[in-house]
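Scroll down for the structure; my scribbles are underneath it.
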Amino acid sequence: MSAERRLFFALSLPAKLQKHVIQWRADNFPAETGRPVAAANLHITLAFLGEISAIKEAALTRVAGRIQGQKFSLQLDDIGHWPGSGVVWIGTKRAPNALLQLASVLRSHAARNGCHQSTLPFHPHVSLYRSATRPVAIPPATPGWPLEATEFSLYESLFERGRTRYRCLQSWPLGE
Ligand code: 2AM
């Protein structure tokens with residue numbers, strides 16, 4: 001019997017953008033804001049799958065390979081704090097249709113394969129801090145970094161030596 005893995009579909013951030021975001025975060029938030037997300041872990045979740053079996057993983061990997069998603073670009077120009085989940089995030093004020101469609105198709109396939117999906121509307125974001133449950137002074141704006149999405153990926157979430165690490169299992173290109 002094979003073990004279940006904790007998986008999710010996401011968009012990654014290029015290494016250069018990760019560095020900019022981390023520097024900006026350090027310059028704009030006090031250290032006690034929350035638990036900072038490591039640079040390599042910055043991403044936009046498209047669909048969270050939870051702990052799933054190898055059979056479900058294979059089914060969803062097949063589905064992902066058949067998706068004919070389109071490339072898109074967005075601006076990381078929004079910022080907020082969700083005290084309930086303790087997340088400080090950056091996001092976009094204008095989510096492109098291609099992003100919304102990609103997330104929607106992945107989330108509906110996930111649901112059809114028995115992966116519980118949140119009933120909250122999809123709100124694309126990059127989590128910057130977790131466990132941020134106390135009030136946070138939110139900077140008025142982000143630098144508005146552009147993000148070009150040319151592929152999406154399946155990640156495994158691992159907890160090793162007290163740290164969360166995301167391992168990219170497979171990526172699929174987005175077309176013109
Ligand atoms: P996030 O997108 O707000 O950062 C891997 O755990 C990723 O899936 C995280 O980025 C996490 O939150 C997202 N995610 C979405 N729903 C989740 C859930 N129910 N449990 C854990 N992570 C979830």
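Keep in mind the model is a prediction, meaning the values are calculated, not measured. Read the numbers this way: they start at 1 and go in the same order the structure lists the ligands and their atoms. Computed over heavy atoms, backbone and side chain alike; hydrogens, waters and symmetry mates excluded.
- Summary of contacts: the protein heavy atom closest to atom 10 (O) of ligand 1 is H43 NE2, 2.7 Å.
- For E160, the CD atom sits in a packed shell: over 12 heavy atoms of surrounding residues, nucleotides or ligands are nearer than 6.0 Å.
- Nearest heavy-atom pair across P83 and H81 is CD-O, 3.3 Å.
- For a threshold of 3.5 Å applied to N or O pairs, the pair formed by S157 and ligand 1 contains no separation below that value.
- Summarising the geometry of R107 relative to P121, their closest heavy-atom pair is NH2-C, 4.4 Å, with the distance given to 0.1 Å.
- Protein heavy atom at the shortest distance from atom 2 (O) of ligand 1 is T45 OG1, 2.8 Å.
- Atoms of ligand 1 found under 4.0 Å from any heavy atom of R6, numbered from 1 in the order shown, are 20 (N), 21 (C), 22 (N).
- Given atom 12 (O) of ligand 1, the protein heavy atom at minimum distance is R130 NH1, 3.8 Å.
- In this structure, D77 and T92 have side chains that are in contact, with non-hydrogen atoms separated by less than 4.5 Å.
- Taking a cut-off of under 4.0 Å to the non-hydrogen atoms of S127, the atoms of ligand 1 that pass are 1 (P), 3 (O), 4 (O).
- With a 4.0 Å heavy-atom cut-off, ligand 1 is reached by no atom of E156.
- Taking the six-membered ring where the residue is Trp, W89 and W82 present tilted rings, their angle falling between 30° and 60°.
- At under 3.5 Å, a nitrogen or oxygen of H125, whether backbone or side chain, sits near a nitrogen or oxygen of ligand 1.
- The atoms of ligand 1 that sit less than 4.0 Å from any heavy atom of F8 are 5 (C).
- Heavy-atom minimum distance, T33 versus A132: O-CB, 3.3 Å.
- In plain terms, the two heavy atoms of Q170 and T61 that are nearest each other are OE1-CG2, 3.3 Å.
- The heavy atom nearest to atom 8 (O) of ligand 1, out of those in W82, Y166, F48, is found in F48.
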